[in-house]
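Reading through the structure tokens given below for one structure.
Each chain gets a letter, A, B and so on, in the order the sequences are listed, and its residues count up from 1. Everything numeric in this text was worked out from a predicted model, so none of it was measured.
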2 protein chains.
Amino acid sequence: MSGSEPSTTLDASELAAYFALIEVGNLVRHAVEQQLRDAGDLSHVQFQLLATLGDAPGGSRRMTELADGVVISRSGLTYQVGLLERSGLLARGQAADDERGVMVTLTDAGRSKLGAVFPGHVALLRELVFDAIGPHDVEDLGRVLGVVRDHLRSVPPRSATSRRRRSASVD
Amino acid sequence: MSGSEPSTTLDASELAAYFALIEVGNLVRHAVEQQLRDAGDLSHVQFQLLATLGDAPGGSRRMTELADGVVISRSGLTYQVGLLERSGLLARGQAADDERGVMVTLTDAGRSKLGAVFPGHVALLRELVFDAIGPHDVEDLGRVLGVVRDHLRSVPPRSATSRRRRSASVD
DNA sequence: TATTGTTATACTCTATAACTATA
DNA sequence: TATAGTTATAGAGTATAACAATA
């Protein structure tokens, strides 16, 4: 590819894909948020944190790992983890290798909560998304979005201020 | 309603698609939010409102229409429209046919702001999403998401139709 | 009586910056 | 000095409910 001029237009199919992505994201998030609140008194972020832990070996993860996965700031994570800890859904402990580190672990109650909420969550997703499309479409969707996700993970934030992971030593 | 067994599991490809959708949504939203704030001092919701108006005939829409499109409550919309009106980006007026109605219209400044922000917005999207996948994938993505969106539009409650489906839980 | 939009209010969430402690 | 995490704070955003005016 040679013409690397930053195109500032999107063609019809790109626009369609973008608008659909935004709207689907909005609607799904909205519905999911409501369901999670209803079924388990959890926000989506909180659910993501629990689910991420549930998916981790031993149900444990480092704080920074969690912040990265859920895409929130560290202080935001501290806040959420604090809430979840107060609710008894997870526990904080020392990281074995790093004295500074904090290991967050799903408690039994947390796992139980996850088990209580997940079926309804999944049912809603099926109803909202997967029932509407065929199995082949599901694979297309997953494949394309997977590529995008991998790309996003590798692309550094374009503006100088990177506030995701590295704390910017920029003054 | 539910003709079949309420499946509470997702198969591998469904899970993959879902997680990818969530993560891509998070990352794109995050990046977009930052760019919009940077380039035009707009939140994503505000941008969506302006863009929705910019897309409407005459640059005008009814309040409830806007709330539906952007998926926020009417009070939330009043708040956002208030902000944008104070910034001079849009104006409120009487609806012609309905004495109760409020017509929201994009001002010249609003259109100008949209023009100022859009190119960077599009460039970011291209960088984050479309550069990572081929044209064929773009069409796949748009097609599948379009189906999902149409499905979602027909399912969820409208903002003004009822106060909210509070007791719609399955049990 | 239902609907449109606003207001008052309360609450959740998030990020920035300063701070502690370990590497 | 850099990194991990916390705290203090401040601001943005959202929803709920009550309300006014019109249909």
Side-chain angles (χ1 to χ4, degrees), chain A residues 26 29-31 33-34 36-38 41-49 61-68 70-87 90 92-104 157 159 161-171, chain B residues 26 29-31 33-34 36-38 41-49 61-68 70-87 90-104 157-166:
Chain A
N26 278 345
R29 171 183 311 264
H30 219 254
E33 197 96 34
Q34 192 170 335
L36 290 173
R37 184 79 60 189
D38 225 39
D41 209 26
L42 293 174
S43 71
H44 193 208
V45 167
Q46 287 159 2
F47 173 73
Q48 280 184 83
L49 291 173
R61 284 250 166 116
R62 287 284 295 269
M63 290 291 283
T64 298
E65 274 184 292
L66 280 178
D68 271 4
V70 184
V71 194
I72 57 177
S73 66
R74 284 182 195 171
S75 66
L77 178 65
T78 296
Y79 171 73
Q80 292 295 346
V81 165
L83 290 182
L84 292 170
E85 188 177 38
R86 273 205 317 224
S87 306
L90 51 80
R92 278 188 256 217
Q94 273 286 351
D97 53 324
D98 191 334
E99 201 66 24
R100 304 167 296 183
V102 168
M103 215 57 181
V104 182
S159 68
T161 49
S162 155
R163 63 245 249 258
R164 175 96 41 74
R165 187 161 164 267
R166 310 252 150 159
S167 74
S169 40
V170 186
D171 264 296
Chain B
N26 278 344
R29 172 183 313 262
H30 220 255
E33 198 96 31
Q34 192 170 337
L36 289 173
R37 185 78 61 189
D38 224 39
D41 209 27
L42 293 173
S43 70
H44 194 207
V45 168
Q46 287 159 3
F47 173 74
Q48 281 185 82
L49 291 173
R61 283 249 167 117
R62 286 283 295 268
M63 289 291 282
T64 297
E65 272 184 293
L66 281 177
D68 271 1
V70 184
V71 194
I72 56 177
S73 64
R74 279 165 311 176
S75 67
L77 178 65
T78 296
Y79 171 72
Q80 292 294 347
V81 164
L83 290 182
L84 292 170
E85 188 177 40
R86 274 206 317 226
S87 305
L90 52 78
R92 276 189 257 219
Q94 273 287 351
D97 53 324
D98 190 334
E99 200 67 24
R100 304 167 297 182
V102 168
M103 215 57 181
V104 182
R158 294 293 181 178
S159 61
T161 306
S162 75
R163 43 206 117 166
R164 203 164 259 300
R165 45 150 216 185
R166 42 181 4 197

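Distance alone, capped at 3.5 Å, is enough to place a donor-acceptor pair between the Gln46(A) side chain and the Ser43(A) backbone. Between the side chain of Glu33(A) and the main chain of His30(A), no donor-acceptor pair closer than 3.5 Å is present.
Rounded to an integer number of Å, the gap from Arg86(B) CZ to dT6(C) P is 14 Å. With rounding to whole Å, Leu83(B) atom CG is found 12 Å from dG11(D) atom C1'. Going from atom CZ of Phe47(B) over to atom C1' of dA12(D) covers 19 Å, rounded to whole Å. One can place OH of Tyr79(A) at 18 Å from C1' of dG5(D), the figure rounded to the nearest angstrom. Rounded to whole Å, the distance from NE2 on His30(B) to P on dC13(C) is 15 Å. Rounded to an integer number of Å, the gap from Leu42(B) CG to dA12(D) C1' is 14 Å. For Leu84(A) and dT12(C), the CG to C1' distance is 13 Å, given to the nearest whole Å. In this entry the distance linking CG of Leu49(A) with P of dG5(D) reads 13 Å, nearest Å.
Arg37(A) has a side-chain polar atom (N or O) that falls below the 4.0 Å cut-off from OP1 or OP2 of dC13(C). Close to dT6(C), at under 4.0 Å from its OP1 or OP2, lies a side-chain N or O of Arg92(B). The phosphate of dT12(C) has neither OP1 nor OP2 within less than 4.0 Å of any side-chain N or O from Ser43(A). Here His44(A) does not reach the OP1 or OP2 of dT12(C): none of its side-chain N or O atoms lies under 4.0 Å away. One finds a side-chain N or O of Gln80(A) lying less than 4.0 angstrom from the OP1 or OP2 phosphate oxygen of dT14(C). For Arg74(A) and dT7(D), the shortest distance from a side-chain N or O to OP1 or OP2 is not below 4.0 Å. For the pair Gln46(B) and dA12(D), the criterion of a side-chain N or O lying under 4.0 Å from OP1 or OP2 is not met.
Judged by distance alone, with hydrogens and angles left aside, Thr64(A) brings no side-chain donor or acceptor close enough to the base of dA4(D) to form a pair under 3.5 Å. Side-chain to base pairing of Ser75(A) with dT16(C): one donor and one acceptor N or O lie within less than 3.5 Å of each other.
Within 4.0 Å (heavy atoms only), Leu66(B) reaches no atom of the nucleic acid at all.
Heavy-atom distances to DNA chain C give each of Val45(A) and Leu77(B) a nearest nucleotide, and the one nearer the 5′ end belongs to Leu77(B).
Contact record, Ala95(B) with Val102(B): CB-N, 4.2 Å, taken as the closest heavy-atom pair.
Side-chain proximity of Arg100(B) to the nucleotides dT3(D), dG13(D), dA23(D) is greatest for dA23(D). Set against dG5(C), dA15(D), dC13(C), the side chain of Thr78(B) has dG5(C) as its closest nucleotide. Distances were taken from every side-chain heavy atom of Val102(A) (C-beta onward) to each of dT6(D), dC13(C), dA23(D); the shortest belongs to dT6(D).
A donor and an acceptor atom, one from each side chain of Asn26(A) and Gln48(B), are located under 3.5 Å apart.
Residues Glu85(B) and Arg92(B) meet the side-chain proximity criterion, which asks for heavy atoms closer than 4.5 Å.
Only one option out of Glu65(B), Arg61(B), Met63(B), Arg62(B) pairs with Val104(B) in a side chain to side chain contact (heavy atoms under 4.5 Å, CB included); it is Met63(B).
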